[in-house]
**Student:** 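Got a structure for you, written out below as structure tokens; questions coming shortly.
Values below: all heavy atoms of this structure, side chains included; hydrogens, waters and symmetry mates excluded.
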Amino acid sequence: EKITSLRRISSVSKSIAPLERANRSQSEGKVLSDELSFILDYDLPESKFYEWQRDLFAERNTDCLTAEEQPIDPLSFNGAVKSYREQRNLRAHEMASKFTSHFATLAPKPPLAKKKQRFNIDLSDEEEDEAAIEAEAKKKRELELKQRNCIKNEGAEMSCILKFHAYEDALCVCDGHDGVSVWDSRKKDWTSTFHNGNPKGTRMTSATWVNEMSSSLFLVGCDDGSVRIWDGLLQPNGRGSKKSPSLSAAFFAAPGMVAGGGSGLVLDWQQYSGRLIAGGSGNQIRCWDLNAEKCASVIETESSECVTTINTAWRYDPYGVGSTTEGYRGLGPDTIVVGHGDGTIKLFDIRVKCHVAEVQKGKGRPSRRPRISKYDEHSSWIVSACLTGYSNRPEVVSGSIDGEIKTWDLRLSSSLRTYTAQRRPMTALSVHPGIPMVATGSHAQFIKVMTLDGDTLQTIRYHEALSGHRIGPVSCLEFHPYKPLLAAGGTDSIVSIYSPKSGAAIL
């Protein structure tokens, strides 16, 4: 009986279950339809959580970052190298700032200031003027140089190019063919020698350090238009490497240039923009973007004479000369000063294929004060033309082979100062970027150190380390970018390094 009753109950429940399911599905369908209508009527806010987390993880993913962008553990070897370089650069900039402020009174005086001083009859200022003159004379005596090191560059017939490293005690010496030697400028120890690899019959005509504040490279240009960039000259700790450097890159910066006479390949490296300006024995100037590895622009010089010097009228200024703080100084990052073999000096804007004067004038509308872009007061080969920023005035100092030195304010149509540094042919000229001093060299075997007002500080004729030995015909001069150091090379294999006699007090 129990079994039959259970079967009846189950059969009844089975008959009732479909009706309940149908009623239940109808009620649930109404609820779902009500919910869907509610969802369709109301837009929920879209969450940004996924995008935020995706960006966060993308920042942590360092596989796509370059070596310089990779986060560095400060306790690792790379972290120690980075910390060393930052402290080294900071010390160099602080030292340069001290030198600049200490010798700021030696900056060239404006012509109008000199005229006012002539007619100044106020006797109450005589004592102050005498004290200022005495202080200026004392600082000039501090800049008298002595021969600190005398380097015998074995295997080289002569020295053509000298380049100080801005932050390390390293000096690169290039000979007349393809030999490059690296020396410790403080200890005068030889570090390494390598061959640039340019073909026989060609010579190195330009060289510069690249990326000095981080991983230093050395760039060399030859008179066949080729450029080679070398890596591994310095160790991570700043000391010279005994290993042979490796060729990092090579290309023709001036295609079609024929090796031989003329100025060869003339280069100017812009560290802040990664651009390399190339000219020389030709009528074109090329601007190379090394980051993009392409030629950005080509400028016609409109002259049959070769380009002898190129200088950007815009420099990184750790001294604070051009402004009250650290930054850049000059006319602009795209303005270059170019010297020619016939003595002319021109300004170009590397963004366009014409002179700055044409850019300033515009088409169809005359300008009130068009920019003067050509200066032809020199009558012979321009040895060097470089930008200075003394007394908060961007000026260009140029020197020609006939021994004449001129200072230009490029906003004016004529030179500010002109003086004759030497009567013999001037074969080398170097201007210190932070201290108002200039050095000239001659094949007549002497070096003259002067202020930019034309006052002679010193004339060097003999080696102090070699008693009675006359210095050789001077072929190249180079001031250290931040220190009062001068390197001089000649047609012999001797390279001299000069520092102030009062070096203990200054350095």
Side-chain angles (χ1 to χ4, degrees), residues 159-163 172 174-178 180 196-210 218-229 249-270 275-290 294-313 335-350 353 355 373-375 378 380-387 396 398-401 426-430 475-476 478:
S159 301
C160 293
I161 305 172
L162 302 173
K163 286 297 174 181
C172 279
C174 302
D175 62 15
H177 178 47
D178 71 336
V180 181
N196 186 52
N198 45 294
K200 185 178 181 180
T202 62
R203 57 191 173 92
M204 296 178 290
T205 55
S206 297
T208 183
W209 287 96
V210 179
F218 193 67
L219 185 148
V220 181
C222 302
D223 63 348
D224 61 349
S226 63
V227 169
R228 293 170 177 83
I229 304 176
F251 64 98
F252 278 94
M257 182 175 290
V258 179
S263 58
L265 183 63
V266 181
L267 302 173
D268 183 62
W269 166 248
Q270 298 179 349
R275 294 183 296 200
L276 181 69
I277 314 299
S281 301
N283 58 357
Q284 290 183 338
I285 298 174
R286 287 177 169 83
C287 175
W288 292 87
D289 187 346
L290 296 191
K294 68 177 183 178
C295 181
S297 62
V298 180
I299 304 173
E300 297 290 337
T301 62
E302 302 177 1
S303 175
S304 59
E305 297 291 333
C306 63
V307 173
T308 60
T309 178
I310 300 176
N311 191 267
T312 305
T335 304
I336 59 174
V337 182
V338 179
H340 291 271
D342 59 354
T344 59
I345 298 175
K346 295 181 180 180
L347 263 68
F348 292 96
D349 192 322
I350 59 179
K353 300 179 180 180
H355 290 34
S373 64
K374 183 178 180 180
Y375 307 88
H378 286 291
S380 59
W381 183 288
I382 301 296
V383 178
S384 178
C386 58
L387 177 76
V396 171
S398 63
S400 57
I401 198 171
M426 183 169 63
T427 56
L429 171 67
S430 181
S475 59
C476 52
E478 179 74 9

**Student:** State which residue, out of S384, S398, C386, fulfils the side chain to side chain contact (heavy atoms under 4.5 Å, CB included) condition with L429.
**Tutor:**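 Among S384, S398, C386, the one meeting side chain to side chain contact (heavy atoms under 4.5 Å, CB included) with L429 is S384.
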**Student:** Of all heavy-atom pairs between V266 and T309, which one has the smallest distance, and what is that distance?
**Tutor:**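 V266 and T309 have their closest heavy atoms at CG1-CA, 3.8 Å.
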**Student:** Determine whether I382 and H340 satisfy the following criterion, side chain to side chain contact (heavy atoms under 4.5 Å, CB included), listing intermediate values before the conclusion.
**Tutor:** CA-CA 6 Å; I382 301 296; H340 291 271; 5.8 Å; no
**Student:** With side chain to side chain contact (heavy atoms under 4.5 Å, CB included) as the test, pick out the partner of I285 among D268, I350, I277.
**Tutor:**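 When D268, I350, I277 are each tested with I285, the side chain to side chain contact (heavy atoms under 4.5 Å, CB included) holds only for I277.
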**Student:** W288: which residues meet the ring pair (Phe, Tyr, Trp, His ring centres under 6.0 Å) condition with it, sequence neighbours left out?
**Tutor:**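 Per chain and number, W288 pairs via ring pair (Phe, Tyr, Trp, His ring centres under 6.0 Å) with F251.
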**Student:** For D342, which residues count as a side-chain hydrogen bond (donor to acceptor under 3.5 Å, both in side chains) partner, sequence neighbours excluded?
**Tutor:**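 With neighbours one apart ignored, the set is T344.
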**Student:** Got a sec, which residues hit side-chain hydrogen bond (donor to acceptor under 3.5 Å, both in side chains) with T202, two or more places apart in sequence or on another chain?
**Tutor:**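 With sequence neighbours excluded, T202 shows a side-chain hydrogen bond (donor to acceptor under 3.5 Å, both in side chains) to N198, given in chain and number order.
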**Student:** Taking all atoms of both residues into account, what is the closest heavy-atom pair of S281 and C306, and its distance?
**Tutor:**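 Looking at all heavy atoms of both residues, the shortest contact is CA-CB, 3.9 Å.
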**Student:** What heavy-atom pair brings K346 and S303 nearest, and what distance separates the two atoms?
**Tutor:**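 What the structure gives for the nearest pair is NZ-CB, 3.9 Å.
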**Student:** According to salt bridge (Lys or Arg N to Asp or Glu O under 4.0 Å), who are the partners of R286, at least two apart in sequence or on a separate chain?
**Tutor:**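 Here no residue qualifies.
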**Student:** Which residues pass the salt bridge (Lys or Arg N to Asp or Glu O under 4.0 Å) test with R228, sequence neighbours left out?
**Tutor:**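 With neighbours one apart ignored, the set is empty.
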**Student:** Quick one: which of C174, C172, S475, C476 gives a side chain to side chain contact (heavy atoms under 4.5 Å, CB included) with L162?
**Tutor:**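 Passing option: C476.
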**Student:** Testing the basics here: between I336 and T312, what is the closest heavy-atom pair and its distance to 0.1 Å?
**Tutor:**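 Taking every non-hydrogen atom into account, CG2-OG1, 4.1 Å.
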**Student:** Indicate the atoms forming the closest heavy-atom contact of D224 with P199, along with that distance.
**Tutor:**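 So the two residues come closest at OD2-CD, 3.7 Å.
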**Student:** Can you name the nearest heavy-atom pair linking V210 to L219, along with the distance?
**Tutor:**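 Looks like CG2-CB, 3.9 Å.
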**Student:** Check T208, V180, I229, N196 against F218 for a side chain to side chain contact (heavy atoms under 4.5 Å, CB included) and give me the one that passes.
**Tutor:**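 When T208, V180, I229, N196 are each tested with F218, the side chain to side chain contact (heavy atoms under 4.5 Å, CB included) holds only for V180.
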**Student:** Passes side chain to side chain contact (heavy atoms under 4.5 Å, CB included), R203 versus C160? Steps please.
**Tutor:** CA-CA 9 Å; R203 57 191 173 92; C160 293; over 6 Å; no
**Student:** Among all residues two or more places apart in sequence or in another chain, which pass the ring pair (Phe, Tyr, Trp, His ring centres under 6.0 Å) test with F252?
**Tutor:**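 So F252 forms no ring pair (Phe, Tyr, Trp, His ring centres under 6.0 Å) with any residue.
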